[in-house]
Amino acid sequence: MSKITNPDYPGFYFSATVIYMNIKKVYKKLYGYFGSQGWWPIFDIKIGECKYNCSENIKQNNKFEICIGAILTQNTAWKNVEKALANLSPEISPEKILTHKKLEKVIQPAGYYNQKAKKLRIFSKWWLQNKKATREELLGLWGIGPETADSMLLYAFNQPIFVIDTYTKRLCKELGVEFKEYDEYRKFFESQLPPDPKLFNEYHALIVAWGKLYTKDKEKVVKIIAS
DNA sequence: TACCAGGTCCTCG
DNA sequence: CGAGGACATGGT
């Protein structure tokens, strides 16, 4: 595929398709098809599963849980994360994680439970030190890579950081845009959108919705983003 | 039965 | 660096 430049976006290379279809239009198409996704889901003890469309207040009060969820969902279906969160509830706190006698056992449904238990302990210890949540700080912790760090920054700390995952790269590929580095993808989106956490929140969630459909019906997902 | 899921780390050349 | 493998459960 031939790559061409767009003077509006110096440093980026686009296929001919993307020139006529910027990333805001893609957002509108995804939103039009899937609608609001209501992220981040917060575990609700009353119903025993995660609830979407939570108020900003509830999300504010559950920042730690959001971060824990971001770790638990690494290469793992959210349904399995919910089981782990249910086992951790009703109290999901750094103190509980650090003193839990059977952490590996209760998070087992989320997979990679040995590694993830270690990640949760390291993150909890860091949390209790009351450090400022910056990208550099988070990336410095063992077990937190770029996507997990960015998920925390966006969904827990409300910062305008665009989250890149495998689905996002797949979407880009469909649009004819490919980069090598994670940060190149991130800047590609951030450079074309206003730095609005709510927009980034919805966009990433919509890309996940699109990505989930991709494996089931590739023909359909291509049509959704086509002009 | 294989393959995939809201990745990350480690090792080896 | 960069490719390749390990980590692990549950759904389709």
Side-chain angles (χ1 to χ4, degrees), chain A residues 27 30-31 34 36-43 48-54 59 62-63 65-88 102-124 126 135-157 161-174 178-186 189 197 199-218 220-221:
Chain A
Y27 173 81
L30 291 174
Y31 192 90
F34 293 104
S36 172
Q37 299 297 298
W39 278 30
W40 185 278
I42 303 289
F43 189 78
E49 53 189 63
C50 285
K51 212 166 131 184
Y52 290 77
N53 301 303
C54 292
K59 287 189 269 185
N62 289 277
K63 283 184 196 166
E65 184 198 307
I66 293 174
C67 293
I68 293 310
I71 291 173
L72 289 172
T73 199
Q74 289 172 357
N75 202 36
T76 298
W78 184 256
K79 210 70 195 160
N80 295 347
V81 176
E82 272 188 285
K83 295 179 209 289
L85 290 176
N87 291 342
L88 280 168
K102 295 178 177 172
L103 186 58
E104 283 81 356
K105 181 73 184 170
V106 298
I107 66 165
Q108 181 175 346
Y112 308 119
Y113 54 85
N114 287 313
Q115 286 193 345
K116 282 177 180 173
K118 184 178 169 187
K119 293 175 184 180
L120 294 186
R121 290 195 183 98
I122 289 172
F123 179 75
S124 297
W126 173 85
R135 204 159 189 270
E136 297 69 39
E137 273 282 328
L138 293 171
L139 288 175
L141 299 175
W142 185 87
I144 298 186
E147 186 189 335
T148 309
D150 290 348
S151 290
M152 291 179 179
L153 291 169
L154 175 62
Y155 289 103
F157 298 101
I161 311 280
F162 203 91
V163 179
I164 306 299
D165 64 357
T166 46
Y167 293 142
T168 315
K169 291 174 185 170
R170 197 174 291 167
L171 174 73
C172 284
K173 195 168 181 180
E174 287 294 337
E178 287 181 79
F179 301 110
K180 208 169 72 180
E181 303 296 326
Y182 177 95
D183 279 346
E184 294 180 295
Y185 281 98
R186 183 167 64 82
F189 282 89
L199 172 64
F200 287 13
N201 171 335
E202 193 65 75
Y203 207 153
H204 174 67
L206 284 167
I207 291 174
V208 172
W210 178 87
K212 282 177 174 166
L213 193 54
Y214 188 96
T215 30
K216 293 189 179 126
D217 193 342
K218 193 175 169 187
K220 190 183 270 183
V221 296

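This one's a predicted model, so the numbers in the text were calculated from it and none came from an experiment. Chain identifiers are assigned alphabetically (A, B, ...) following the order of the sequence lines, protein sequences preceding nucleic acid strands; residue numbering begins at 1 within each chain.
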Find the distance [X]:[atom1] to [N]:[atom2] and express it as a whole number of Å.
X	N	atom1	atom2	value
A:Tyr214	B:dG6	OH	C1'	17 Å
A:Lys118	C:dA6	NZ	P	18 Å
A:Leu85	B:dG6	CG	P	14 Å
A:Ile71	B:dC9	CD1	P	10 Å
A:Phe123	B:dT8	CZ	P	13 Å
A:Leu72	B:dT8	CG	P	13 Å
A:Asp165	B:dT8	CG	P	10 Å
A:Trp78	B:dG7	CH2	P	12 Å

Listed pairs under 3.5 Å, donor-acceptor, residues 136-146 of chain A side chains, sequence neighbours left out:
| from | atom 1 | to | atom 2 | distance (Å) |
| --- | --- | --- | --- | --- |
| A:Glu137 | OE1 | A:Trp126 | NE1 | 2.7 |

**Request:** Measure from the side-chain N and O atoms of A:Gln37 to the backbone N and O of A:Ala209, and report whether any donor-acceptor pair falls under 3.5 Å.
**Result:** no

**Asked** Is the side chain of A:Thr73 donor-acceptor paired with the backbone N or O of A:Ala70 at a distance under 3.5 Å, no angle test?
**Response**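 No; zero donor-acceptor contacts below 3.5 Å.
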
**Asked** Considering only heavy atoms from C-beta outward, does the side chain of A:Phe157 approach that of A:Pro197 to under 4.5 Å?
**Response**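 Not touching, per the 4.5 Å side-chain cut-off.
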
**Item:** Sub-4.5 Å side-chain heavy-atom contact between A:Phe200 and A:Val163
**Value:**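 A:Phe200 does not reach A:Val163 side chain to side chain.
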
For [N] and [M], measure between their [atom1] atoms and round to the nearest Å.
N	M	atom1	result
C:dG10	B:dT8	P	22 Å
C:dC7	B:dA5	C1'	14 Å
B:dA2	C:dA8	C1'	16 Å
C:dG5	B:dC4	P	15 Å

**Message:** Before we go on, tell me: are the rings of A:Tyr203 and A:Phe162 under 6.0 Å apart, centre to centre?
**Reply:** yes

**Message:** Looking only at the aromatic ring of each residue, does the gap between the centers of A:Phe34 and A:Trp210 stay below 6.0 angstrom?
**Reply:**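 No, they do not, as the ring centres are separated by 6.0 Å or more.
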
**Asked** What residues form a side-chain hydrogen bond (donor to acceptor under 3.5 Å, both in side chains) with A:Lys59, not counting sequence neighbours?
**Response**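 Residues passing side-chain hydrogen bond (donor to acceptor under 3.5 Å, both in side chains) with A:Lys59: A:Glu56.
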
**Complete:** Each nucleotide of nucleotides 7-12 of chain C classed B (base within 4.0 Å of a protein heavy atom), S (only sugar-phosphate) or -, in 5' to 3' order, makes BBBSS-

**Request:** Using salt bridge (Lys or Arg N to Asp or Glu O under 4.0 Å) as the criterion, list what pairs up with A:Arg135, not counting sequence neighbours.
**Result:**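 In terms of salt bridge (Lys or Arg N to Asp or Glu O under 4.0 Å), with neighbours along the sequence ignored, A:Arg135 is linked to A:Asp150, A:Asp183.
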
**Item:** Candidate list A:Tyr27, A:Trp39, A:Phe189, A:Tyr167, test ring-ring contact (aromatic ring centres under 6.0 Å, His included), partner A:His204, passing option
**Value:**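 Checked A:Tyr27, A:Trp39, A:Phe189, A:Tyr167 against A:His204; only one passes ring-ring contact (aromatic ring centres under 6.0 Å, His included): A:Trp39.
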
**Message:** Less than 4.0 angstrom from a charged side-chain N to a carboxylate O is my criterion; do A:Lys79 and A:Glu49 meet it?
**Reply:**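 Salt bridge flag = no for A:Glu49 with A:Lys79.
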
Are there any protein N/O atoms within less than 3.5 Å of an N/O atom in nucleotides 2-4 of chain B, and if so, which ones and at what distance?
none

**Request:** Could you check whether A:Thr168 gets within reach of a base, just the sugar-phosphate, or nothing at all, counting any heavy atom under 4.0 Å?
**Result:**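 Touches nothing.
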
**A:Lys119 versus A:Thr148, side-chain donor and acceptor atoms under 3.5 Å** = no

**Verify stack between A:Tyr155 ring and B:dG6 base, 5.5 Å, 30 degrees** =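 Check failed, A:Tyr155 does not stack on base of B:dG6.
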
**Short side-chain N/O contact from A:Thr166 to OP1 or OP2 of B:dG6, under 4.0 Å** =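 No, because none of the side-chain N or O atoms of A:Thr166 sits under 4.0 Å from OP1 or OP2 of B:dG6.
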
**Request:** Kindly state which residues belonging to residues 138-148 of chain A come within less than 4.0 angstrom of DNA chain B, counting heavy atoms of the residue only, listed by number.
**Result:**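 Heavy-atom cutoff 4.0 Å gives A:Leu141, A:Trp142, A:Gly143, A:Ile144, A:Gly145, A:Pro146, A:Glu147, A:Thr148.
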
